[in-house]
Amino acid sequence: MIFKTGGISFLYTEENEIFEATDIILTPPSPQVIEVLNNSRLQAGRSILNTLKFSPCLVAIVELYTEVLYGDHGQLTNPSGTIQRIVNHEQKGISKTPVLSVYMNKDWSEKHFDKHEHELLRAIKNEIKESIGANHIKSIQLKKWCYAEVEQVLHQPFIEIMPSLLVAGDAFLRREDKTNHSRLESAYLSGKSAAAELMEKNI
């Protein structure tokens, strides 16, 4: 929650910590920003935030008994009609053990998102058995991302929803960005632009 008085903002966390600031940059997905604003009862503009739409993603973290290689880059794209990609973290040098991240595609994730974890893991195992092989799986965990991918981006690096309160993130693209989709780089550039705006204002 955010409480503003005069030119000072007080940020209250779920752990009852309090932070004091003159300026704030919010970077969560827009539905969570709107929730913060509603809980804070701030008279801030929400119309642009409401236009940003996100899709969920179900991700399985799969530990294998033995190494499985995927091309030269450790990634398998669209191996089936339900899997968006499979990433081999050992092959990419991120993990010392054979661990894969299996990203289910948008349609499958939306259809199954609210199902029980055990049911989802059983269904995902069935979907990946041709790409991985059921006998290779040592363990499997499920990660749910409610706001995994931005469906509708905004072609400006950040927005100021009220004085000294900016919103940034992967949904905000610089005007010269022609990719038209969110990614880690767009989140970094958005935050950098918002920070530069505040630094220039406070010089």
Lys115: which of Glu117, Glu119, Lys111, His118 passes side-chain contact (heavy atoms from CB on, under 4.5 Å): Glu119
Reference residue Ile86; test side-chain contact (heavy atoms from CB on, under 4.5 Å); the match among Asn78, Leu100, Val62, Thr77: Leu100
Report, one line per pair, each donor and acceptor closer than 3.5 Å where one atom sits in a side chain of residues 22-38; sequence neighbours left out.
unit_1	atom_1	unit_2	atom_2	d
Asp23	OD1	Ser164	OG	3.2
Asp23	OD1	Lys201	NZ	2.5
Asp23	OD2	Asn202	ND2	3.0
Ser30	OG	Leu49	O	3.4
Asn38	OD1	Arg46	NE	3.0
Asn38	OD1	Arg46	NH2	3.2
Asn38	ND2	Ile34	O	3.4

Within one Ile-Leu-Val-Met-Phe-Trp-Tyr cluster: [X] and [Y], side-chain cutoff 4.5 Å:
X: Ile159; Y: Val153; answer: yes
X: Val102; Y: Val59; answer: no
X: Val167; Y: Ile48; answer: yes
X: Leu166; Y: Ile2; answer: no
X: Ile94; Y: Ile61; answer: no

Rounded distance [0.5 Å steps], [atom1] in [X] versus [atom2] in [Y]:
X: Ile18; Y: Met1; atom1: CD1; atom2: CE; answer: 9.0 Å
X: Asn50; Y: Lys53; atom1: CG; atom2: NZ; answer: 6.5 Å
X: Asn135; Y: Leu64; atom1: CG; atom2: CG; answer: 11.5 Å
X: Leu154; Y: Ser186; atom1: CG; atom2: OG; answer: 11.5 Å
X: Glu176; Y: His155; atom1: CD; atom2: NE2; answer: 11.5 Å
X: Trp145; Y: Phe113; atom1: CH2; atom2: CZ; answer: 11.0 Å

Check whether [X] reaches the backbone of [Y] with its side chain - one donor and one acceptor, N or O, closer than 3.5 Å.
X: Ser190; Y: Ala168; result: no
X: Asn105; Y: Gly81; result: yes
X: Glu15; Y: Glu17; result: no
X: Ser40; Y: Leu42; result: no

Residues forming a ring-ring contact (aromatic ring centres under 6.0 Å, His included) with His112, sequence neighbours excluded: Trp108
Determine whether Thr13 and Phe19 make a side-chain contact, defined as any pair of heavy atoms from C-beta on separated by less than 4.5 Å. yes
So do the side chains of Leu76 and Arg85 get within less than 4.5 Å of each other, counting heavy atoms only? no
Nearest heavy-atom pair of [X] and [Y]: which atoms, and what distance?
X: Met104; Y: Cys57; answer: O-SG, 3.5 Å
X: Gln75; Y: Val87; answer: OE1-CG2, 3.7 Å
X: Arg175; Y: Gln156; answer: NH2-CB, 3.8 Å
X: Ala60; Y: Ile124; answer: CB-CG2, 3.8 Å
X: Pro56; Y: Ala148; answer: C-CB, 4.0 Å

According to side chain to side chain contact (heavy atoms under 4.5 Å, CB included), who are the partners of Glu20, at least two apart in sequence or on a separate chain? Ile8, Phe10
So salt bridge (charged side-chain N to carboxylate O under 4.0 Å, His left out) across residues 155-174, not counting sequence neighbours, yields none
Qualifying salt bridge (charged side-chain N to carboxylate O under 4.0 Å, His left out) pairs with a residue from residues 136-155, counting only residues at least two apart or across chains: Glu63-Lys138, Lys106-Glu151
Residue pairs passing the ring pair (Phe, Tyr, Trp, His ring centres under 6.0 Å) test with at least one member in residues 30-69, sequence neighbours excluded, are Phe54-Tyr147
More than 12 heavy atoms of other groups within 6.0 Å of [X] [atom1]:
X: Tyr188; atom1: OH; result: no
X: Lys4; atom1: NZ; result: yes
X: Lys192; atom1: NZ; result: no

Are Glu90 and Val99 close enough, and set up right, to give a side-chain contact (heavy atoms from CB on, under 4.5 Å), and what steps lead you there? CA-CA 6 Å; Glu90 183 185 29; Val99 174; over 6 Å; no
